[in-house]
Number of protein chains: 2
Amino acid sequence: MDDFDVQILKQLQTDSRQSTEAVGSKIGLSASSCQRRIKKLKQQGVIQTEVAILDRSKLPNIITTIVEITLEKGGEQALNATLDDLNNEASIQQLYYMAGDIDFVVIVVTNNMEEFDQLSRKLFMSNTNIKKFTTKVVIKPHKTNLSIPLDKLTNNSH
Amino acid sequence: MDDFDVQILKQLQTDSRQSTEAVGSKIGLSASSCQRRIKKLKQQGVIQTEVAILDRSKLPNIITTIVEITLEKGGEQALNATLDDLNNEASIQQLYYMAGDIDFVVIVVTNNMEEFDQLSRKLFMSNTNIKKFTTKVVIKPHKTNLSIPLDKLTNNSH
DNA sequence: GCTGAAATACCGCGGTC
DNA sequence: GACCGCGGTATTTCAGC
């Protein structure tokens with residue numbers, strides 16, 4: 001992983017549909033070598049997938065909530081069971097396992113509050129491993145991407 | 001937007017690199033009509049972009065923190081200024097404007113704690129509009145996607 | 001062995017029925 | 001919705017360093 005690879009990743013994190021030639025010319029690399037690097041990055045699994053990003057304002061009835069969850073002192077088994085439950089729910093977009101008194105932060109996307117309520121009852125209230133949870137409602141998601149900043153990474157590798 | 005469109009979006013949210021023929025055969029549609037629908041969804045802006053998702057475990061030194069920010073009672077101008085600041089920072093991956101006592105929840109990605117500290121000083125401490133902020137450290141991001149659940153949406157449109 | 005250019009194959013795209 | 005033809009892009013192969 002050299003600077004060129006980092007530059008390629010930065011480009012593809014912004015727009016994965018641009019041609020290898022376009023990426024190459026932006027970073028000063030031929031289309032062929034650029035394509036070879038991309039292929040290698042995919043093989044290595046550094047590039048995991050490519051996905052379409054939807055504009056939620058063009059979709060009806062999308063609400064986002066952020067839920068903070070504190071677990072009972074259960075064992076590792078209880079932890080994993082809860083993780084599985086949350087992982088398998090499509091409405092749970094993101095799930096972070098935290099250090100500190102709060103165990104999970106989850107970002108939930110539903111079509112309305114009633115749907116959130118149903119989900120909350122099913123996933124949070126009825127789970128005996130969950131001691132406490134608090135819900136915050138998002139007014140507007142101003143920025144939502146999964147880009148990993150790679151600028152500093154370049155400097156580190158020198 | 002009918003069921004077919006919804007199915008297409010679900011597919012492309014998982015893998016945007018599959019061919020129109022592949023998508024079509026999965027949902028029972030010809031490649032041509034599938035392609036026409038995808039084009040329309042892009043024109044309408046429902047499909048905003050396509051991006052590469054990186055595997056952070058294959059990248060060195062990535063830490064994630066979740067910061068909750070409470071603003072001083074400033075006007076709209078102060079709010080917008082702070083929004084701009086946060087929006088323009090590459091290390092801020094996600095920025096949610098919240099209802100309730102906390103004004104923003106932001107997800108920050110940096111290469112190490114020192115880098116976070118520097119960012120935190122620059123963005124949070126030195127911003128006089130920010131009254132208070134609390135930082136939670138992520139141990140492990142178990143699930144991170146931006147997929148919008150579309151199953152229920154199907155039912156709504158009947 | 002790695003890089004850049006040509007050849008091939010594939011896919012997206014528009015038009016037409 | 002299906003068929004066909006064009007253009008662009010990815011992928012393979014080959015020549016040169």
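These figures come from a predicted structure and were not determined experimentally. Proteins come first, then strands; the chains are lettered A, B, ... in the order of their sequence lines, and each starts at number 1.
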Trainee: Determine which pairs satisfy ring-ring contact (aromatic ring centres under 6.0 Å, His included) with at least one residue from residues 65-102 of chain A, sequence neighbours left out, and list them in order.
Mentor: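 Passing the test, one end in residues 65-102 of chain A: A/Tyr97-A/Phe104.
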Trainee: Spell out, as yes or no, whether a donor-acceptor pair under 3.5 Å connects the side chain of B/Ser120 to the backbone of B/Phe116.
Mentor: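 Between the backbone of B/Phe116 and the side chain of B/Ser120 there is no qualifying donor-acceptor contact (under 3.5 Å).
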Trainee: Can you pull out the residues from residues 11-29 of chain B that lie within a 4.0 Å heavy-atom distance of DNA chain D?
Mentor: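 Hits under 4.0 Å, by residue number: B/Leu29.
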Trainee: Under a 4.0 Å N-O cut-off, is there an ion pair linking B/Lys132 with B/Glu68?
Mentor: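 Salt bridge flag = no for B/Glu68 with B/Lys132.
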Trainee: Below 3.5 Å between N/O atoms, which protein atoms pair up with nucleotides 15-17 of chain D? Just atom names and distances, please.
Mentor:
none

Trainee: Could you go through the side-chain hydrogen bond (donor to acceptor under 3.5 Å, both in side chains) check for A/Thr144 and A/Arg56 one step at a time?
Mentor: CA-CA 11 Å; A/Thr144 52; A/Arg56 40 202 309 152; 5.6 Å; no
Trainee: Salt bridge check, B/Asp5 against B/Lys40: does any charged N sit closer than 4.0 Å to a carboxylate O?
Mentor: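 The answer is no: the pair does not qualify as a salt bridge.
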Trainee: Do A/Asn61 and A/Glu115 have side chains that approach each other closer than 4.5 Å (heavy atoms only, starting at C-beta)?
Mentor: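 A/Asn61 vs A/Glu115: side chains apart.
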Trainee: Using atom CD of A/Gln43 as one end and atom P of D/dA10 as the other, report the distance to the nearest whole Å.
Mentor: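 Between P of D/dA10 and CD of A/Gln43: 16 Å.
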Trainee: Tell me, please, which residues at least two apart from A/Lys143 pass salt bridge (Lys or Arg N to Asp or Glu O under 4.0 Å).
Mentor: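 Checked A/Lys143 against salt bridge (Lys or Arg N to Asp or Glu O under 4.0 Å); zero matches.
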Trainee: Using a strict threshold of under 4.0 Å (side-chain N to carboxylate O), is an ion pair present between B/Lys131 and B/Asp103?
Mentor: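 Not counted as a salt bridge, because no side-chain N and carboxylate O are separated by less than 4.0 Å.
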Trainee: For DNA chain D, which residues in residues 30-41 of chain A have a heavy atom at a distance below 4.0 Å?
Mentor: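 Of all residues in residues 30-41 of chain A, the ones placing a heavy atom under 4.0 Å from DNA chain D are A/Gln35, A/Lys39.
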Trainee: Write down the distance between CD (A/Glu50) and P (D/dT9), rounded to a whole number of angstrom.
Mentor: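 Nearest whole value for this atom pair: 15 Å.
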Trainee: Just wondering, do B/Thr14 and A/Val51 contact through their side chains at under 4.5 Å, heavy atoms?
Mentor: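 Contact flag for A/Val51/B/Thr14 side chains = no.
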Trainee: Can you tell me which residue pairs pass the salt bridge (charged side-chain N to carboxylate O under 4.0 Å, His left out) test with a partner in residues 15-36 of chain A, sequence neighbours excluded?
Mentor: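 Qualifying pairs, neighbours excluded: A/Arg17-B/Glu50.
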